[in-house]
Amino acid sequence: MLALAERHLKRREVDWEIEKIKWFSEKWRADDEELGIQIVKDLHRTGHSLLSGPNGELNQAKLKRILLGYTRWNPEVGYCQGFNMLGAIILQVMDKNEVDSIKVLIFLIEGLLP
């Protein structure tokens, strides 16, 4: 899946160094705080085993960064309820790698779902 995601994004000529800065900065847009609050509400409803247990808080923070990163990537779509479930599964499959998880999330939403 990651290879497909990277191929999809390579065709779009994405500069990863710039995108990573945008995705993982503390604050990028004026509405980041509001989006963060909305995402956190959904994180608590995710119900995925990845978000509980000893590493639950760390994985919740990773998932929040992934979801906020996607809203920064595609502000027209923004954050939609249910992205938390998709993001949690992707984060688990991508062995908790945030950059790879965002790539796959972008590919699934933009490359497969439209």
Side-chain angles (χ1 to χ4, degrees):
M1 183 66 68
L2 181 58
L4 291 172
E6 288 178 338
R7 189 176 327 143
H8 169 77
L9 295 166
K10 186 176 183 179
R11 281 191 297 250
R12 296 192 60 191
E13 299 178 0
V14 175
D15 184 337
W16 287 110
E17 295 310 309
I18 291 172
E19 290 303 319
K20 284 194 299 190
I21 291 168
K22 181 169 50 171
W23 292 342
F24 296 119
S25 68
E26 278 299 310
K27 189 163 181 148
W28 185 262
R29 295 181 359 196
D31 63 346
D32 277 353
E33 187 173 337
E34 182 181 325
L35 287 168
I37 291 168
Q38 183 181 358
I39 289 169
V40 167
K41 286 180 185 177
D42 275 356
L43 288 181
H44 297 293
R45 295 179 243 181
T46 304
H48 193 281
S49 61
L50 184 72
L51 306 180
S52 60
N55 293 323
E57 286 186 33
L58 175 64
N59 292 332
Q60 281 184 15
K62 287 182 178 194
L63 181 55
K64 180 182 176 188
R65 283 190 296 272
I66 290 165
L67 297 172
L68 188 56
Y70 181 79
T71 65
R72 291 170 175 169
W73 165 263
N74 191 342
E76 287 183 26
V77 171
Y79 177 74
C80 297
Q81 194 172 22
F83 280 2
N84 58 317
M85 298 297 287
L86 185 58
I89 293 167
I90 292 169
L91 185 62
Q92 182 178 29
V93 170
M94 292 292 108
D95 201 26
K96 301 178 193 106
N97 183 304
E98 294 173 61
V99 173
D100 291 349
S101 296
I102 290 176
K103 290 177 183 179
V104 171
L105 184 62
I106 290 168
F107 173 64
L108 288 176
I109 294 171
E110 296 178 6
L112 294 179
L113 295 179

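These values consider heavy atoms only, across backbone and side chains, with no hydrogens, waters or symmetry-generated copies.
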Which distance, rounded to the nearest 0.5 Å, do you find between the [atom1] of [X] and the [atom2] of [Y]?
X: M1; Y: S101; atom1: CE; atom2: OG; answer: 12.0 Å
X: F107; Y: E6; atom1: CZ; atom2: CD; answer: 11.5 Å
X: N55; Y: Q60; atom1: CG; atom2: CD; answer: 11.5 Å
X: N84; Y: Q38; atom1: CG; atom2: CD; answer: 10.5 Å
X: M85; Y: L63; atom1: CE; atom2: CG; answer: 10.5 Å
X: R65; Y: I102; atom1: CZ; atom2: CD1; answer: 9.5 Å

Are any non-hydrogen side-chain atoms of [X] and [Y] less than 4.5 angstrom apart?
X: V104; Y: L108; result: yes
X: R12; Y: E110; result: yes
X: I106; Y: N74; result: no

Look at the aromatic rings of W73 and W16 and report parallel, tilted or perpendicular, splitting at 30° and 60°.
parallel
Are the charged groups of E19 and R72 less than 4.0 angstrom apart, N to O?
-> no
Subject >> Candidate pair F83 and Y70, rule ring pair (Phe, Tyr, Trp, His ring centres under 6.0 Å), full reasoning >> reply: CA-CA 10 Å; F83 280 2; Y70 181 79; 5.6 Å; yes
*K103 vs L9, side chain to side chain contact (heavy atoms under 4.5 Å, CB included): CA-CA, chis, key distance, verdict*: CA-CA 8 Å; K103 290 177 183 179; L9 295 166; 3.9 Å; yes
What is the minimum heavy-atom distance between [X] and [Y], and which atoms define it?
X: L2; Y: M94; value: CB-SD, 4.3 Å
X: N59; Y: L91; value: O-CD2, 3.8 Å
X: L68; Y: T71; value: O-OG1, 2.7 Å
X: Y79; Y: L67; value: CE1-CD1, 3.9 Å

Next item on the list: Might you work through the salt bridge (Lys or Arg N to Asp or Glu O under 4.0 Å) test for K20 and E17, ending with a clear yes or no?
Entry: CA-CA 5 Å; K20 284 194 299 190; E17 295 310 309; 3.6 Å; yes
Same apolar cluster (I L V M F W Y, side chains within < 4.5 Å links), L58/I66:
no
